[in-house]
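Just below is one structure, and these are the notes that go with it.
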Amino acid sequence: MTASTSSYPPKISASLKFGLKNLKLSEHCREVIHEYSVMLRPVINNVFKAMALSLNLEENCFLNQFGERGVMFARFNYYPRCPRPDLVLGLKPHADGSAITVVLPDREVEGLQFQRDGQWFSVPTIPNALLINVGDQVEVSPVLAFFEIQRMLPRDICTFYTNSTSCEERPQQFEIAGLNLVCVVMQIMSNGIFNSPMHRAVTNAERDRISLAVFCTSEEENEIGPADGLINEERQDCTRKSGIIPMTYFEYYQLGKRPIDAVKI
Ligand SMILES: O=C(O)CCC(=O)C(=O)O
Ligand SMILES: [Fe+2]
């Protein structure tokens, strides 16, 4: 599997369309993804620390729950251009099930939108920036932090995108090392203070759009609970003890439900 062009997104072999289930990552792509995940770790650590400090908590309290071996899984999204974006679902409204999600949005094409007060707002493109979706503090506005990074992913990582331009075909997503049970960790660890915002992705009439979302979830065996200092007389524990949801994230997704609702008391 090789990138056949230096354009962004690159054109790829049509054979990918038939073999997504059996998709084997080339050695080089594995290395790139690994390198990217290693580079993300200090970014993630800093975000967790900043979130804790913003609540006047001990700076490692979220990080400790996330664990040394927190899990990351990557989703490559490809949204083919469509002459009637109004008729096409890009990525339907959802809240991520991760603790935090690091999104590498398309450099040039907008498409990601967040909901506030029932209205959708587009996230502007900022070249060479990562978007960290850490939920919103007052239940209405997403807190997005943009981190300039020195370099973007090498382009051939994009060989995993399908190359359909048909708007009948739903945008493709596939995961690497996906999880079946996902917990809405951040909302739980912060006892409902940071809420994961609803967001969606829309398609573009003229241009294809791509993005890479890396979902960071806590170590699988960790039991998640509100951080010390966040439960008091005014604010009781508002989630069930274990953050694990008894149904898979994607079953909720299909039903258009929010997984967090399953663990709220
Ligand atoms: O395509 C995007 O910019 C966002 C993708 C996203 O929200 C997701 O994969 O969960
Ligand atoms: Fe998302």
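All figures in this text were calculated on a predicted structure; none of them were measured in a lab. Read the numbers this way: they start at 1 and go in the same order the structure lists the ligands and their atoms.
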Record the part of P105 in heavy-atom contact with ligand 1 below 4.0 Å; permitted values are side chain, backbone, both and neither. neither
Any heavy atom of D96 under 4.0 Å from ligand 1? The part involved is side chain
Taking R209 for its side chain and Y79 for its backbone only, find out whether a donor-acceptor pair lies under 3.5 Å. no
Less than 4.0 Å is my threshold; does some heavy atom of R209 fall inside it relative to ligand 1? yes
Which atoms of ligand 1 sit under 4.0 Å from any heavy atom of A213? 9 (O)
Once you round to the nearest 0.5 Å, how far does CE of M198 lie from NZ of K92? 9.5 Å
Are Y36 and L104 packed together at the side-chain level, in the sense that at least one heavy-atom pair is separated by less than 4.5 angstrom? yes
For F215, the ligand 1 atoms with a heavy-atom partner under 4.0 Å come out as 8 (C), 9 (O), 10 (O)
Would you indicate which of H199, Q113, R75 comes nearest to atom 8 (C) of ligand 1 when only heavy atoms are counted? R75
Number the atoms of ligand 1 from 1 as they appear, then name those within less than 4.0 Å of a heavy atom of Y79, with their elements. 1 (O), 2 (C), 5 (C)
Where does D106 meet ligand 1, judged by heavy-atom distances below 4.0 Å: at the side chain, the backbone, both, or neither? neither
Quick one: which ligand 1 atoms are inside 4.0 Å of a heavy atom on S211? 1 (O), 2 (C), 3 (O)
For the residue pair Y78 and D208, confirm or rule out a side-chain donor-acceptor distance under 3.5 Å. yes
Give a yes or no answer on whether the side chain of D106 reaches the backbone of I210 with a donor-acceptor pair at less than 3.5 Å. yes
Do you know which N/O/S atom name in D96 is closest to the Fe ion (ligand 2)? OD1
Proximal heteroatom of H199 relative to the Fe ion (ligand 2) (N/O/S): NE2
Do V109 and V88 share a hydrophobic cluster (ILVMFWY, side-chain heavy atoms under 4.5 Å, transitive)? no
What residue among N60, L57, I44 forms side-chain contact (heavy atoms from CB on, under 4.5 Å) with K49? N60
Roughly how far apart are L63 CG and N46 CG, rounded to 0.5 Å? 9.0 Å
